[in-house]
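Quick caveat: nothing in here was measured; it's all calculated off a predicted structure. Side-chain atoms are counted along with the backbone in the values below, which use heavy atoms only and exclude waters and symmetry mates.
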Amino acid sequence: MLAKNFSYSIVYKILALLISLTLVPLLIDILGVEEYGLWVTFTSLLVWISLFDFGLGYAFKNTVSTSLANSAIKNAQQETFQILKITFFFAFVLLVVFAFSFLFIEIFSNNIYLSLILFIPFILTFPIKLGSPILQGARKIALESGLLFLNTLLFFISILIIKFFNLKLEIVDLAILFVMSYILSTFLVWLSAMRIIEITWIDFKKISSTKLDFIRIQMGIKFFGLQLSSLVLYSIGTIIVFSNLNAISAAHFDVVNKIFLAGLGIFNIGIAVFWPEISHSLEKKDFHRILKLYLIMIGLSIIFLICSIIFSFFAPQIIALWTNNKINVSQQETIWFALLVSIQATAYCGAVVLNAFEKITYQLLISIIATILMLPL
């Protein structure tokens with residue numbers, strides 16, 4: 001199962017990467033550099049919605065894995081209703097906060113329709129994003145990767161059709177296409193997750209009467225700290241550039257950052273399949289297999305380092321060709337990006353093991369320090 005999940009996840013991630021890279025010049029050509037900068041800034045903001053499960057999804061992944069290993073599906077069902085109860089509440093809070101944000105966030109007030117089209121569907125479907133950790137904990141990562149890839153594929157096909165027929169595409173139209181493909185993919189993941197933990201839509205009535213397990217919530221909050229710091233470290237760069245410089249600079253930064261994070265994303269997707277495997281082995285007390293899995297991850301990180309350094313020497317030419325010479329970078333920039341993603345890849349190998357063991361405190365401390373240092377730096 002590990003080999004299947006690893007290979008399928010990598011394949012889907014590579015396909016999604018190729019589509020994502022192909023979309024960049026298409027969208028720059030359709031929207032223009034300035035509106036493309038606005039688009040990537042908005043999509044960077046969208047990922048912050050995922051924070052409002054407060055890390056419960058990460059902790060729940062371990063619950064699903066151990067529940068299935070022990071044939072105790074009721075434990076997973078009970079925690080599902082707990083998390084849904086919390087996330088439905090925070091979805092309502094998010095809607096209220098989003099409504100008031102138009103008063104003090106300029107990018108929203110200046111782009112009202114775009115904000116509404118993008119954020120309201122993402123907020124309303126936020127609770128059923130729980131489907132992803134269910135599939136991951138059940139070691140159905142190949143299935144999850146395929147269903148999530150559907151989102152990227154449908155959006156890409158829509159853009160190709162528009163480009164082929166030379167149709168006019170406004171940024172608001174782009175948002176509608178993006179949201180439609182996202183909703184379909186998210187619902188398919190959730191339906192698959194419901195079958196795995198054996199619940200139906202009728203069971204949703206149990207949400208209101210479900211009591212909260214504050215021990216699991218406490219563990220989720222620790223994961224939330226890691227999740228928050230990761231979002232800051234990985235996604236706030238485009239927002240900072242947009243806020244302090246301009247949309248064109250944000251587009252420049254996004255392109256350079258995206259091409260290196262794409263490789264890291266492939267690596268992380270592949271390594272992520274080890275998490276439920278380690279959780280499963282931990283429940284079975286198979287520590288020899290856990291060590292073997294960790295050494296495999298370290299070996300993969302070394303390969304990733306070598307590939308990143310080699311790629312950095314060709315990256316300036318690739319970026320120039322990729323963007324039709326609209327965005328150019330130096331050799332020095334690409335080498336630093338290569339070193340950065342290589343360090344992150346190695347660190348993630350250790351994080352996967354610690355996450356499976358739910359040893360979060362040390363990671364949390366390091367992440368908080370890194371997050372605090374990032375903004376002044």
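- Atom CZ in Phe313 sits 8.0 Å away from atom OG1 in Thr334 (nearest 0.5 Å).
- Counting heavy atoms of neighbouring residues, nucleotides and ligands inside a 6.0 Å radius, atom CE of Met180 does not exceed 12 of them.
- For Phe119 and Phe108, the distance between ring centers is under 6.0 angstrom.
- For the pair His280 and Thr66, the minimum side-chain heavy-atom distance is 4.5 Å or more.
- By the 4.5 Å heavy-atom criterion applied to side chains, Trp39 and Phe178 are counted as neighbours.
- In the displayed structure, Phe357 atom CZ is contacted under 6.0 Å by more than 12 heavy atoms of other residues, nucleotides or ligands.
- At most 12 heavy atoms of other shown residues, nucleotides or ligands fall within 6.0 angstrom of atom CZ in Phe100.
- In this structure, Tyr348 and Leu264 have side chains that are not in contact, with every pair of non-hydrogen atoms separated by 4.5 Å or more.
- The environment of Leu103 atom CG is dense: over 12 non-hydrogen atoms of other residues, nucleotides or ligands sit within 6.0 angstrom.
- Taking Leu321 as the reference, nothing meets the side-chain contact (heavy atoms from CB on, under 4.5 Å) condition, with sequence neighbours excluded.
- Follow the hydrophobic side-chain contacts under 4.5 Å out from Ile298 and you reach Ile278 in the same cluster.
- Aromatic ring centroids of Phe81 and Phe204 lie 6.0 Å or more apart.
- With a 4.5 Å cut-off on side-chain heavy atoms, Phe267 and Ser301 count as touching.
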